[in-house]
Each structure stands twice: as C-alpha cells, then as structure tokens.
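We use all heavy atoms of the structure for the numbers below, so side chains are in, but hydrogens, waters and symmetry mates are not. Small disclaimer: the values here were computed from a predicted structure and weren't measured.
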Protein chains: 2
Amino acid sequence: MVNQQDPRVLRTRQFIKEAFRELLQKKDFDSITINDIAQRATINRATFYAHYEDKYALLDEFTEQAFRERISDQVLNAREFTEEICDELIVMTYNYIVDFYRICRMDSKPIATLVDEKIKKMLQQTIENILLKGNIHPVEDRYTKIISAMTGSAIYGAAHSWLTVGEKDQTDLLVEIVRPYVMNGLGLPKVP
Amino acid sequence: MVNQQDPRVLRTRQFIKEAFRELLQKKDFDSITINDIAQRATINRATFYAHYEDKYALLDEFTEQAFRERISDQVLNAREFTEEICDELIVMTYNYIVDFYRICRMDSKPIATLVDEKIKKMLQQTIENILLKGNIHPVEDRYTKIISAMTGSAIYGAAHSWLTVGEKDQTDLLVEIVRPYVMNGLGLPKVP
DNA sequence: AGCGGAAAGTTGCATAAGCAACACATTGGG
DNA sequence: CCCAATGTGTTGCTTATGCAACTTTCCGCT
C-alpha cells in the first residue's frame with residue numbers, strides 16, 4: 001500500500017514508534033489510544049491507519065525492531081552456533097526482557113504474552129539462520145526448524161524465569177546454567 | 001502558496017531550520033548548498049524551494065526567529081521605554097550578536113552584513129512597538145519611526161562595537177555607557 | 001575564450017499526509 | 001436502562017512532499 005522506501009513513510013513510521021515508546025513509559029499499553037499516538041507523533045489519525053492495522057501491529061513492529069537492534073554483527077554473521085554465540089544470545093535475550101519490562105508497564109497479561117511470543121519467534125529465527133548457514137553440522141537439515149524452536153524457547157524460557165525468580169543481573173550465572181544445557185542438547189562439540 | 005498552519009509545513013520548516021543550524025556550525029554560509037540542507041533535513045530539494053526562495057530567505061527567517069525567541073515578555077508587553085527595558089534590550093542584543101558570531105563562522109562580509117541588518121531592523125521594530133503603545137510620551141508620533149531607528153541603531157552599533165573592541169562579557173559596563181546615551185537622546189524622564 | 005561539471009532553480013506527475021465527516025462499538029454515569 | 005462521551009476504523013477530497021528530468025547559472029581549469 002505504501003512505499004517502504006519513501007522518505008515520508010520512513011519519517012512517519014519513526015515518529016509513530018518514537019511517540020509509542022514515550023507513551024509506554026507513562027501509560028500501560030491498554031490505555032494508550034490511537035489518538036494519543038497520533039497527537040504525540042504530530043500526524044493525523046488516519047495516517048496512522050495507513051501504516052498499521054491497529055496498535056497491536058505497531059507493538060509487533062516495535063518489539064521486532066527493538067530486538068533486531070540488539071543483535072550484534074557477530075551473531076548476525078555467525079556461520080556456526082558456538083558457545084560464544086550461545087552466550088551472547090542468552091545475555092542479549094535476558095537484557096531485552098529486563099529492559100522491556102522496565103520501560104513498559106506490562107500490566108495486562110495478554111500484552112505481555114504478545115511481546116513474549118514475539119521475542120521467542122525472533123530468537124528462533126536468529127538461531128535457525130545460523131544453523132542453516134553452517135552447512136556442516138550434526139543436525140539434519142529437515143530438523144533445523146524444530147531444533148531452532150527448541151533452542152530459542154529454552155533460552156527465552158530460562159531468561160524469563162531468571163527474571164521472575166528475581167535473580168537480577170546475575171547474568172554470569174544464568175549463562176553458566178543455560179549454555180551447557182543448550183550446547184549439549186544440540187550435540188555440538190564443546191570447545192575444550 | 002503553502003498553508004502556514006498545515007502540520008506538514010510546520011514540520012518541514014523546522015527540519016530545514018534545524019539542518020541549517022547544524023550546518024552553520026560546520027561550514028560557513030557560502031559553502032552550504034541547498035543540497036546539503038535538503039539532505040540533512042531529509043527532504044527533497046524541490047520541497048526546499050516550496051518554502052524558501054533561496055538560502056538567503058532561509059537565513060532571514062532563521063535570524064528573525066532566533067531574535068524573537070530572545071525577546072522577553074516584559075519587553076514584549078512594555079508600554080513605556082523605561083531604563084529597565086532599555087537595559088534588557090542592550091544586553092539581549094549584545095548576547096545575540098555574541099552567540100550568532102560564535103555559532104556561525106561569519107566568514108564572508110556580505111553575509112555578516114545581512115545578519116546585522118536583520119538584527120538592527122528587528123530591534124528598531126521592537127522599540128517602535130513600545131513607543132507606539134505608550135500613547136503619552138514627549139515624542140511626536142510622526143517622529144516615532146525615525147526615533148526608533150536611531151535608538152535601535154545606537155544600541156546595535158554599541159553592542160557590535162563592544163564585541164569588536166574585545167571587551168567581552170563586560171555587559172554591565174556596556175549598559176552603563178549605552179543606557180544614559182539612549183535615554184538622554186529620547187529625552188525621557190530618568191528614574192531618580 | 002571555451003569547456004565541463006556542480007549547483008541553482010523549475011516543472012509535471014505520482015504518492016503520502018492532513019482533514020472532516022461518517023458509522024459503529026464501548027463504556028461509564030444519571 | 002439510556003444516552004452522552006469517547007475511541008475505532010473508514011472514506012473522499014485537498015494539499016504537501018517526493019522524484020526525475022530539465023534548463024540555466026556559476027566557476028574552475030586548460
């Protein structure tokens with residue numbers, strides 16, 4: 001519908017996302033109206049609908065972009081799922097969750113669920129990309145997807161649990177627990 | 001041509017002026033191209049021309065806005081040209097010149113002249129407004145314009161000279177010199 | 001002088017954004 | 001219960017912006 005390259009489009013979407021970020025710090029998601037967003041972004045309400053179906057679509061893009069920005073080039077270009085990469089994913093995921101729950105008041109369960117699902121999905125996709133690039137690995141290609149899903153879910157679940165349990169900022173320990181579990185599960189060779 | 005109230009117009013003009021301000025800190029006015037401005041403002045070059053005839057028109061609006069933002073409500077609402085108001089105008093003018101010459105590299109004389117003329121004009125207009133509001137004053141109405149011009153020029157000339165001479169930031173002294181000159185020239189009663 | 005490139009402006013057309021009005025759903029008092 | 005207020009989503013039309021192509025002007029260089 002709209003040309004994603006048009007500078008007007010890029011600007012408008014940035015305005016919307018920035019306004020959304022600011023609003024999330026003051027109000028919980030449910031009580032943010034499209035009007036709030038449009039006003040703060042100094043755009044017309046109709047313009048919002050030209051870009052997003054509703055505020056859930058915005059939340060989706062927002063969380064995805066925030067996640068992408070945290071993926072380092074090292075992870076992005078990795079051709080093998082090493083312990084180093086694994087560690088980075090664990091820490092990154094944990095930090096993402098911490099920040100997100102701190103910034104936003106994830107008051108309503110349905111919203112928290114949406115965000116959680118998004119993070120998990122992004123994580124799985126990231127892992128799958130790495131595994132697919134390393135054409136030589138002990139996992140059959142046809143199982144790559146489910147392996148990625150498991151791994152992503154494991155990392156995410158651990159990070160989330162770690163936050164809930166309240167072991168704040170002990171990421172070293174978190175990594176020590178999760179890494180061997182994941183690497184063993186993948187059956188990948190451990191660097192001595 | 002363009003509706004000054006349209007939010008798109010307001011935003012675009014802000015973008016342009018902000019880009020212009022940033023560029024002035026890195027390059028001298030002459031070497032700034034319309035392309036530079038458009039690129040930094042993330043707008044199309046043709047859009048620039050929809051708002052300003054050329055970069056001189058932009059400079060004009062830019063300096064005017066900067067000046068307006070420095071006029072206090074007290075001066076704006078003044079109904080009489082008191083010593084207090086006079087002092088404020090002197091200091092404000094001096095500070096404006098200092099800031100402007102510091103921010104921009106006023107390399108080329110013609111540009112410096114343009115800016116200087118603008119400041120003087122704004123100053124004269126501000127003074128005229130005050131004099132006209134105070135309907136009872138010793139100056140004939142038909143002479144208000146020329147009186148304002150003289151006063152504005154005097155204040156501006158003094159401030160500019162003060163800067164050139166190098167008596168930096170001795171605004172107290174500047175005020176002590178200029179105020180009696182101006183107030184005596186106007187023939188206004190001196191507060192004991 | 002004359003050449004060539006860069007910047008200045010201009011123009012016609014495509015597209016995004018603004019706006020006002022609309023129908024509909026939700027909700028919170030009286 | 002009702003209705004008034006508020007939010008959602010849509011639509012038709014207007015206006016501003018983007019873009020590409022063009023001419024003109026300016027300026028350095030040989």
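The backbone N or O of B:A78 sits less than 3.5 Å from a side-chain atom of B:K133, completing a donor-acceptor pair. Listed for the B:D36 side chain is a donor-acceptor partner under 3.5 Å among the backbone atoms of B:T33. With hydrogens and angles ignored, the 3.5 Å screen pairs a side-chain donor or acceptor of B:T12 with a backbone N or O of B:R8.
The interatomic distance linking B:Y52 (OH) with C:dT10 (P) rounds to 16 Å, in whole Å. Distance B:Q4 CD to D:dT15 P: 15 Å, rounded to the nearest Å. Atom-to-atom, CZ of B:F48 to C1' of C:dA8 comes out at 11 Å; the value is rounded to the nearest Å. Here D:dT8 presents its P atom at 11 Å from CD1 of A:I32, a figure rounded to the nearest Å. If you take CG of B:L23 and P of C:dA7, they are 14 Å apart, rounded to a whole angstrom. A:N35 has its CG atom 13 Å from the C1' atom of D:dA5, to the nearest Å. Regarding A:D30, its CG atom lies at a distance of 11 Å from the P atom of D:dT8, rounded to whole Å. Atom CG of B:D54 is separated from atom P of C:dG9 by 5 Å (rounded to the nearest Å).
With ring centers used as reference points, A:F48 lies 6.0 Å or more from A:F15.
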Checklist entry - Given the rule in the side-chain contact (heavy atoms from CB on, under 4.5 Å) test, do B:T63 and B:Y96 qualify, once you have shown the distances and angles that lead to the verdict? => result CA-CA 10 Å; B:T63 51; B:Y96 180 92; 3.5 Å; yes
Next on the checklist: Between B:R70 and B:D99, is the side-chain contact (heavy atoms from CB on, under 4.5 Å) condition met? List the steps.
Outcome noted: CA-CA 12 Å; B:R70 287 166 177 267; B:D99 288 354; 2.4 Å; yes
Taking only distance into account, with no hydrogens and no angle test, what donor-acceptor pairs under 3.5 Å do side-chain atoms of residues 17-24 of chain A form with protein atoms, sequence neighbours excluded?
residue, atom, partner, partner atom, Å
A:K17, NZ, A:E61, OE2, 2.7
A:K17, NZ, A:Q65, OE1, 2.6
A:E22, OE1, A:R40, NH1, 2.5

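The two residues A:N3 and A:V9 make their nearest non-hydrogen contact at O-CG2, 3.3 Å.
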Under-3.5 Å N/O pairs linking protein and nucleotides 17-19 of chain C:
residue, atom, partner, partner atom, Å
C:dA17, OP1, A:R8, O, 3.1
C:dA17, OP1, A:T12, OG1, 2.5
C:dA17, OP2, A:H51, NE2, 2.8
C:dA17, N3, B:R8, NH1, 3.1
C:dG18, OP2, A:N44, N, 2.9
C:dG18, OP2, A:T47, OG1, 2.7

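Cluster annotation: A:Y181 and A:W162 are assigned to the same hydrophobic cluster (Ile/Leu/Val/Met/Phe/Trp/Tyr, side-chain heavy-atom contacts under 4.5 Å, transitive).
Axis deviation across the helix from C:dA1-D:dT30 to C:dG30-D:dC1 amounts to 30°, comparing end segments of five pairs, rounded to 10 degrees.
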